[in-house]
Amino acid sequence: MNRYELLAGELRKRLHEIPESSMNEIKTRELLISFITENTGLEICDEGKWFYAACRSDGAPDGNSKSIAFRADFDAVTCEDGACRHLCGHDGHAAVLAAFAVWVWENKPPQDIFLIFQPGEESGKGAALCCGIFGKESIDEIYGFHNIPGKPIGSILLKPGTFACASVGLAITLTGAPAHAAYPEFGINPARAAADIIICISEEIRKPRRGMVLSTVIGIEMGSDHYGVSASEGILRLTVRAEYQDEYEELLGFIEQRVSDISVKTGLEYRIERFDAFPSTENHDRCLRKVEKAASAVGLPVINLQQPFRWSEDFGWYLKKVPGAFFGIGAGEKWPELHTADYEFNDEIIGSALAALMSISTSS
């Protein structure tokens with residue numbers, strides 16, 4: 001284990017002890033800035049809720065060199081009990097990028113390197129905020145990674161096109177009118193409308209498409225425990241996801257139109273709210289080939305994925321701005337799954353993650 005791996009491992013454990021919710025990562029951010037300041041002379045660009053470290057080249061780079069950004073997220077998962085825990089490995093992602101900052105400072109690659117430390121990935125809000133960097137710096141490419149349980153340890157997981165799906169949470173509020181339960185015809189009960197919405201969505205997603213589309217009922221809240229009163233208001237909660245951004249937008253448009261049609265037909269008022277919106281994370285072929293070449297150069301096994309991950313990753317916001325690639329690093333075939341109580345970032349993949357970042361930064 002080399003010095004950079006040791007630094008990352010020690011920092012990861014410290015970050016693991018201070019998990020913080022999305023967009024509230026005060027101690028986490030302070031620790032990361034402190035680590036980079038103490039171990040490097042990189043320029044720290046403090047943007048409030050997020051920051052980036054810059055290593056600017058001394059002279060004009062050669063014609064093949066491109067300014068590169070690397071990103072790591074640092075928020076934790078907010079669990080059902082309200083507590084925050086690092087159940088997705090963002091402590092490991094951030095620790096790896098911070099240790100990579102030390103290597104960048106000591107090795108001075110020939111091009112500008114920018115290291116983005118991002119809040120709020122779990123809520124889908126962080127990357128959109130950090131995209132402000134593109135108005136301040138000239139960046140040609142951007143790269144990021146996520147640890148992936150269930151895959152061979154240290155393997156590099158590549159997927160052309162969509163790596164992770166677009167998704168959003170929908171809260172559909174249906175408001176009618178109350179009535180005595182013995183005379184429901186004198187009120188407007190939203191139960192049938194909610195059922196019709198669920199049925200028409202389930203029929204729509206079964207239609208043939210280029211890629212995967214999915215809608216999942218997360219919950220239904222309706223009525224009360226007063227058995228003499230017919231329900232008059234309900235909330236239907238869904239997640240909608242799709243492999244391709246255009247089919248994702250089409251499905252959302254379909255749902256909104258059907259909710260409107262059904263509500264008008266039944267005399268209901270309705271409101272649709274969106275939560276935790278993520279674009280699809282769509283890799284650029286040239287940058288993906290660069291990751292593959294870089295991984296092979298340092299002896300990391302490459303696995304080409306046939307299907308995108310159904311979960312979402314807000315790195316897609318960056319890929320709408322500049323070319324780049326998002327890849328996975330296998331955490332072990334029997335490693336606990338993300339967002340489960342038994343999960344913790346596998347420190348054994350730190351070496352592979354660092355080797356991949358180092359190789360990408362020096363690969364043409």
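Because the structure is predicted, anything quoted here is derived from the model rather than measured.
- The backbone N or O of Cys88 lies less than 3.5 Å from a partner atom in the side chain of Asn147, making a donor-acceptor pair.
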Next item on the list: For Glu256 and Arg274, run salt bridge (Lys or Arg N to Asp or Glu O under 4.0 Å): C-alpha distance rounded to whole Å, both residues' side-chain angles, the deciding distance at 0.1 Å, then the answer.
Entry: CA-CA 11 Å; Glu256 292 182 354; Arg274 296 189 181 192; 2.9 Å; yes
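- Ion pairing between Glu204 and Lys207 holds under the 4.0 Å rule for side-chain N and carboxylate O.
- The minimum heavy-atom distance between Ser296 and Val302, with the atom names listed, is OG-CG2, 4.4 Å.
- In this structure, Arg310 places its CZ atom where only 12 or fewer heavy-atom neighbours from other residues, nucleotides or ligands lie under 6.0 Å away.
- Between Glu106 and Arg3, at least one side-chain nitrogen of the basic residue sits less than 4.0 Å from a carboxylate oxygen of the acidic one, meeting the salt-bridge criterion.
- Remark: Lys125 NZ is loosely packed, at most 12 non-hydrogen atoms of other residues, nucleotides or ligands lying under 6.0 Å away.
- A perpendicular orientation is assigned to the rings of His93 and His146, their planes being inclined by more than 60° (bins at 30° and 60°).
- One finds a salt bridge joining Arg71 and Glu313 here, because a Lys/Arg side-chain nitrogen approaches an Asp/Glu carboxylate oxygen to under 4.0 Å.
- Partners of Asp276 according to the salt bridge (Lys or Arg N to Asp or Glu O under 4.0 Å) rule, which considers only residues two or more places apart in sequence or in another chain, do not exist here.
- Using cut-offs of 30° and 60° for the angle between ring planes, the Phe163 and Phe309 rings count as tilted.
- In the hydrophobic clustering of ILVMFWY residues, with side-chain heavy atoms under 4.5 Å counting as a link, Ile148 and Phe145 come out apart.
- Apart from Ile218 itself, the hydrophobic cluster it occupies contains nothing, where clustering links Ile, Leu, Val, Met, Phe, Trp and Tyr at side-chain heavy-atom distances under 4.5 Å.
- With Phe117 as reference, Phe51 is the one residue of Phe70, Phe100, Phe51 to meet the ring-ring contact (aromatic ring centres under 6.0 Å, His included) rule.
- A donor atom on one side chain and an acceptor atom on the other are not found under 3.5 Å apart for Ser67 and Asp112.
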